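Just so it is clear, the structure is predicted and the values come from calculations on it, not from any experiment.
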There are 2 protein chains.
Amino acid sequence: MDPQQSLDAREQRAWSAFVAMRRDLEAALARSLARDGLSVSDFEVLARLVQAPDGEMRARDLAAAIGWDKARLSKHVARMAGRGLVTRREAGDDGRGQIVGLTSHAEQVVAAAGPNHVAAVRRYFFDLIEPDELEVLERVLERINARARGS
Amino acid sequence: MDPQQSLDAREQRAWSAFVAMRRDLEAALARSLARDGLSVSDFEVLARLVQAPDGEMRARDLAAAIGWDKARLSKHVARMAGRGLVTRREAGDDGRGQIVGLTSHAEQVVAAAGPNHVAAVRRYFFDLIEPDELEVLERVLERINARARGS
DNA sequence: CAAGCCTGGTTGCCATGGCAACCATCTTGC
DNA sequence: GCAAGATGGTTGCCATGGCAACCAGGCTTG
């Protein structure tokens, strides 16, 4: 009746630690970003736009880059537009397209939040991982991602 | 202006892979559980209760065990009660306490979903990790969790 | 070029989750 | 024994997210 009957004690420990990590690391990074008035999702959008030419991207491409469903992007961008973080305009060449762009306000926000976020990522992640461990982690992540995406 | 300016190329790759893993692995496990009519959160609650004596736990302890905010547990348990997965009763000794317990229906659901979930965890996680890699992972997780929880 | 299919986005509906306010009980310090 | 503070739960408000339905603008084919 134990739902994890086929995981041995060590695997159970490892899995619990993994689940805890997903929960607590996410929360820690969210708190960090919140100090700059951004959610994790906000930052994902802004970080992509900052790297894009002219600070704007087609909604379809933005969604694909972040790995989001188009509906999720649409709704989140609508909220961000309401907060003055992005603008939206029609794509000239395709009547369906929407071009999402940074506002100057967003540029300032990202300029402030970006370094803080990077610092948090270091503090909660990279600072705790030795180079050889990172190498192992990269290999494992690659396999997990391939399978989770693939099937 | 690059928000990740202080992460080098390799770190950026690793971080992107890590973020993708959180997103896609979570989604894969959620889809797996959904086939048994459960959300990840449902399963977390049920898995704890199944392991508890008499299949019931005090709400406070259940929340602590899962690592949830008391408000979150309260609301989720209310929804689960509505779906006939748990019962709630007052704690005799403490007028504030609520005891959350499994229904017999829930026991059947867990009996079916548990093995499937374990299989998914294997398929998407343990099967992709060699013993020596798991050792590294455990060490890293421990450090990350300590810091994410601690401060 | 017209019917039918494909694509890009938006919206509605519903389940989640965080946070703070609130209420009812304990518990503690005196 | 009681006032003040700590605990345990619930609720309201708001932001998120998934999924499917829907709609308008392309594209393909005969």
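- When the nucleotides dG17(D), dG8(C), dG17(C) are ranked by their closest atom to the side chain of Arg72(B), dG17(C) comes out on top.
- Scanning atom types as modelled, no donor and acceptor separated by under 3.5 angstrom connect the side chain of Lys75(A) and the base of dG9(C).
- In this structure, Arg79(A) reaches the bases: a heavy-atom distance under 4.0 Å links it to at least one base atom across the strands shown.
- For Asp42(A), taking side-chain heavy atoms from C-beta onward, the closest of the listed nucleotides dG18(D), dG17(C), dT16(D) is dT16(D).
- Ring-plane geometry between Phe18(A) and Phe125(B) is classed as tilted, the angle between the planes lying from 30 to 60 degrees on a 0 to 90 degree scale.
- Pairing each heavy atom of Gly101(A) with each of Glu56(A), the nearest pair is CA-CB, 3.7 Å.
- Scanning all heavy atoms of the two residues, the minimum distance from Gly114(B) to Phe43(B) falls at CA-CE1, 3.9 Å.
- If you check the side chains of Asn116(B) and Asp36(B), you find a donor sitting under 3.5 Å from an acceptor.
- Note: CZ (Arg60(A)) to C1' (dC6(C)) measures 13 Å, nearest angstrom.
- Within the nucleic acid shown, Arg88(B) comes within 4.0 Å of sugar-phosphate atoms alone, with no base atom in reach, counting heavy atoms only.
- Each of Ala71(A) and Asp61(B) was matched to the nucleotide of DNA chain D holding its nearest heavy atom; the match closer to the 5' end belongs to Asp61(B).
- Each of Arg83(A) and Asp93(A) was matched to the nucleotide of DNA chain D holding its nearest heavy atom; the match closer to the 5' end belongs to Arg83(A).
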